[in-house]
Amino acid sequence: MILAACGLQREARLIAKAGLVPVIGGGDAERLGDALEQRCGEASAILSIGLCGALAADLDIGDVVIDAHTAGLDAWLRAALPHARTGGIVGQDSPAATSDDKRRLHLATGALAVDMESHVAARVAMHRGLPFAAIRVVSDDARRTLPPAALVGMRPDGGMALGAVLRSLARHPAQLPALIRTGIDAERAFRALSGALRALETHGIGFLDPREFPLDL
């Protein structure tokens, strides 16, 4: 069984179709960590799969980024996703919402992308001695500052907090064009994520045992 940490219910549905076991954090690092620990007993690996924000300026919406901490798993993922970029994906407990946030994070870490689950999944994998990799798809580029409504759109269960989005929009109606653009970019990213997961499924990720690969310690 391969666990896949994610933030959103929509990500989880795509992950499950690929034969993996999704674990939803809903933007809560502690909740995600606890849920992963509870499911680790029969796990052969932990992955982090979903959308991300770009930190590198040359990443576009829909680009796939791989950050694998196990050499054999890295090679397998590269073969399954030959067009993906390989490099660091940094996780943090809060969104990198502005272009300045992303620029500073890129300069500090050298990472290509940022999300809110990979650091938790990597920590649990290390604690359990399990292989780990992150497969993430860019939904907002490094030059983008997310509108306020986009930052309140996730419920703790990973669903959409429509009421919070509408309240934010009512307070700041001028953000509507940016919110629409964010939604369009997210749809493009979800299509790319679906394609990436289909490629992983085609290559047999549901039957893969990453424990066959030596850990990079």
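Please read these numbers as outputs of a predicted model, since none were measured by experiment. What you see below is based on every heavy atom in this structure, not just the backbone, and it leaves out hydrogens, waters and symmetry mates.
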What pair of heavy atoms forms the shortest contact from [X] to [Y], and how long is it?
X	Y	value
Ala199	Leu81	CB-CD2, 3.8 Å
Ala111	His106	O-ND1, 2.8 Å
Val138	Asp60	CB-O, 3.4 Å
Ser44	Pro131	O-CD, 3.3 Å
Val114	Gln92	CG2-CG, 4.0 Å

Notebook entry, point to check: Looking at Asp74 and Arg78, does any basic side-chain N land under 4.0 Å from a carboxylate oxygen?
Noted result: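 Result for this pair is yes, salt bridge flagged.
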
Item checked: Residues Glu37 and Arg123 bridged, charged N to O under 4.0 Å ->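 So Glu37 does not pair with Arg123 through a salt bridge.
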
Checklist line | Given Ile89, Thr86, Leu59, the one that forms side-chain contact (heavy atoms from CB on, under 4.5 Å) with Leu112 | finding: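 Result for side-chain contact (heavy atoms from CB on, under 4.5 Å) with Leu112: Leu59.
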
Check: Can you tell which of Val64, Ile135, Leu208, Leu47 makes a side-chain contact (heavy atoms from CB on, under 4.5 Å) with Leu77?
Finding: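 Per the side-chain contact (heavy atoms from CB on, under 4.5 Å) rule, the option paired with Leu77 is Ile135, out of Val64, Ile135, Leu208, Leu47.
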
In one Ile/Leu/Val/Met/Phe/Trp/Tyr side-chain cluster, 4.5 Å: [X], [Y]:
X	Y	answer
Leu32	Val90	no
Met126	Leu36	no
Leu8	Ile49	yes

Next item on the list: Go through the steps for Phe132 and Val124 under the test side chain to side chain contact (heavy atoms under 4.5 Å, CB included), then give the verdict.
Entry: CA-CA 9 Å; Phe132 168 75; Val124 175; over 6 Å; no

Next item on the list: Could you go through the side chain to side chain contact (heavy atoms under 4.5 Å, CB included) check for Ser194 and Lys17 one step at a time?
Entry: CA-CA 9 Å; Ser194 180; Lys17 286 182 180 178; over 6 Å; no

Does the side chain of [X] pick up a donor-acceptor pair with the side chain of [Y] at under 3.5 Å?
X	Y	value
His83	Asp63	no
Thr145	Thr98	no
Ser99	Arg144	no

Between [Y] and [X], is there a side-chain heavy-atom distance shorter than 4.5 Å?
X	Y	value
Arg171	Pro148	no
Thr182	Pro147	yes
Ile46	Cys40	yes
Ile2	Ile205	yes

Check: For Asp58 and Arg85, what are the C-alpha separation, side-chain angles and deciding distance, and is it a salt bridge (charged side-chain N to carboxylate O under 4.0 Å, His left out)?
Finding: CA-CA 11 Å; Asp58 60 343; Arg85 288 278 298 275; 3.3 Å; yes

Check: Does Arg31 use its side chain to pair, donor to acceptor, with the backbone of Pro156 at less than 3.5 Å?
Finding: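 Such a contact is found between Arg31 side chain and Pro156 backbone.
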
Notebook entry, point to check: Glu11 side chain to Leu51 main-chain N or O, any donor-acceptor pair under 3.5 Å?
Noted result: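 Side chain of Glu11 to backbone of Leu51: a pair is present.
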
Check: Are Glu117 and Arg136 close enough, and set up right, to give a side chain to side chain contact (heavy atoms under 4.5 Å, CB included), and what steps lead you there?
Finding: CA-CA 10 Å; Glu117 292 82 33; Arg136 291 278 167 167; 3.1 Å; yes

